[in-house]
Amino acid sequence: MRKNIVAGNWKMNLGYEEGVSLFSEIVNMVKDEVIGNQEVVVCSPFIHLSSIAKLGASAANVHIGAQNIHQAESGAYTGEVSASQVKSVGAQYVILGHSERRAYFGETDAILAEKLNAALKHGLKPIFCIGETKEERESGRFFEVIKTQLEAGVFHLDQNDFASVVLAYEPVWAIGTGLTASPEQAQEVHAFIRETIAKQYGAEAAESTTILYGGSANPSNASTLFAQKDIDGGLIGGASLKSRDFLEIVKVFN
Ligand code: 13P
């Protein structure tokens, strides 16, 4: 059975102390709520990773992730952080291909394919984001856009490596806008992603892949979104910065 995951993406928010205290609150609140095959992941800025990884070590099913890595092993890349460095502080996950990184930092499918390789090589589980812009949705090209993002960014992996990848469908027009994809719109794309995986890796791989929804998910809409057959949890931005809202979303799977 595939895992259900609720992952928080703090983006570029929270000072050191604020982040550590939010994480402590989250661990205390969710530790008894994360049940069965569910996992909670908190993807913080790099500055918090080492401290929160230590705080989270005792909470089963609560994991830590970064929001980016550089694709190179090490070396003269001022300001960047490598997969092995992230792994060395105790993080298990890394978000890759977020639309903000694609749009503001020029991350192409080819660069993301390299980042994916670096993450897997060092034992980090990627949460790989795909999704269309407003214009791509309105022009009806969204299936094609998503298929290309998968083919160019992910499908070079062999079956074994692909099994470690979590996908996140994040329609760009729904991120931070308060506009959420309707459960039907999201389910339609999630089902398409699963079919596309099945064609590449087979039905069993497709059934075992966790596919998260992201884009203005909150305590009021999470239960109808997560009730969809092919939606296995969420990648939560704004609502992950409030421990109570995040807890409510985690509890949807109880
Ligand atoms: P919001 O939940 O703030 O829309 O952000 C979604 C997101 O980008 C998560 O990665």
Side-chain angles (χ1 to χ4, degrees), residues 4-14 18-19 22-23 26 30 39-46 48-49 52 63-69 86 91-105 107 112 115-116 119 124-134 136-137 142 145-146 149-150 153-154 165-183 185-186 189-190 193 210-226 228 231-252:
N4 292 317
I5 298 178
V6 175
N9 175 7
W10 288 359
K11 307 194 180 181
M12 196 173 73
N13 291 299
L14 306 172
E18 288 169 309
L22 174 61
F23 184 79
I26 289 173
V30 309
E39 279 185 17
V40 168
V41 182
V42 173
C43 297
S44 75
F46 292 122
H48 305 106
L49 279 179
I52 68 172
H63 299 302
I64 313 303
Q67 300 169 15
N68 178 37
I69 48 167
V86 166
Q92 293 96 341
Y93 282 88
V94 60
I95 297 173
L96 291 176
H98 194 282
S99 58
E100 289 151 15
R101 299 229 39 107
R102 291 178 189 260
Y104 308 146
F105 302 97
E107 295 194 1
L112 292 168
K115 292 193 176 205
L116 195 50
L124 288 173
K125 290 186 199 162
I127 301 177
F128 194 91
C129 305
I130 53 181
E132 80 284 0
T133 62
K134 182 165 181 277
E136 289 160 346
R137 161 74 42 180
F142 52 101
V145 168
I146 283 158
Q149 288 172 338
L150 287 170
V154 182
V165 177
V166 172
L167 292 173
Y169 169 56
E170 296 210 316
V172 180
W173 48 273
I175 295 177
T177 57
L179 282 178
T180 320
S182 69
Q185 282 174 322
V189 176
H190 280 236
I193 294 169
T210 296
I211 310 175
L212 310 179
Y213 168 80
S216 301
N218 60 44
S220 332
N221 58 31
S223 51
T224 43
L225 284 162
F226 298 175
Q228 304 301 308
I231 301 183
D232 308 311
L235 182 53
I236 317 297
S240 74
L241 297 170
K242 296 183 199 124
S243 53
R244 287 199 176 278
D245 286 359
F246 193 59
L247 174 70
E248 287 310 309
I249 299 172
V250 168
K251 279 164 64 173
V252 168

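Order of listing sets the numbers, starting from 1, for every ligand and every atom in it.
- Contacts between Ala174 and ligand 1, counted as non-hydrogen atom pairs separated by less than 4.0 Å, involve the backbone only.
- In this structure, His48 and Trp10 have perpendicular ring planes: the angle between them is above 60°, well past the 30° mark.
- Listed by number with element, the atoms of ligand 1 under 4.0 angstrom from any heavy atom of His98 are 7 (C), 8 (O), 9 (C), 10 (O).
- The single protein non-hydrogen atom nearest to atom 9 (C) of ligand 1 is Glu170 OE2, 2.9 Å, given as residue, atom name and distance.
- At under 3.5 Å, not a single nitrogen or oxygen of Glu100, backbone or side chain, sits near a nitrogen or oxygen of ligand 1.
- Among all protein heavy atoms, the one lying closest to atom 5 (O) of ligand 1 is Lys11 NZ, 3.3 Å.
- Close contacts of ligand 1 with Gly215, meaning ligand atoms under 4.0 Å from a residue heavy atom, involve 4 (O), 6 (C).
- Geometrically, ligand 1 and Gly238 share a nitrogen or oxygen pair separated by less than 3.5 Å.
- Looking at Gly237 next to ligand 1, an N or O pair under 3.5 Å apart turns up.
- If you take CG on Leu247 and CD1 on Ile26, they are separated by 9.5 Å, rounding to the nearest 0.5 Å.
- For the atom pair Gln92 CD and Lys125 NZ, the distance stands at 7.5 Å (nearest 0.5 Å).
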Stepwise side-chain contact (heavy atoms from CB on, under 4.5 Å) test for Phe246 and Leu22: CA-CA 11 Å; Phe246 193 59; Leu22 174 61; over 6 Å; no
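- At a 3.5 angstrom cut-off on N or O pairs, Asn9 counts as close to ligand 1.
- Taken to the nearest 0.5 Å, the CG atom of Leu96 stands 9.5 Å off from the CZ atom of Arg102.
- Heavy-atom proximity to Ser216, at under 4.0 Å, picks out these atoms of ligand 1: 1 (P), 2 (O), 4 (O).
- Residue Ser216 is tested with Ile236, Leu179, Ile175, Thr177 for a side-chain contact (heavy atoms from CB on, under 4.5 Å); the sole match is Thr177.
- If you check the side chains of Gln67 and His98, you find no donor sitting under 3.5 Å from an acceptor.
- On a distance-only criterion, Gly176 and ligand 1 share at least one N/O pair closer than 3.5 Å.
- Within the model, atoms CD1 of Ile95 and CG of Leu235 stand 5.0 Å from one another, a figure rounded to the nearest 0.5 Å.
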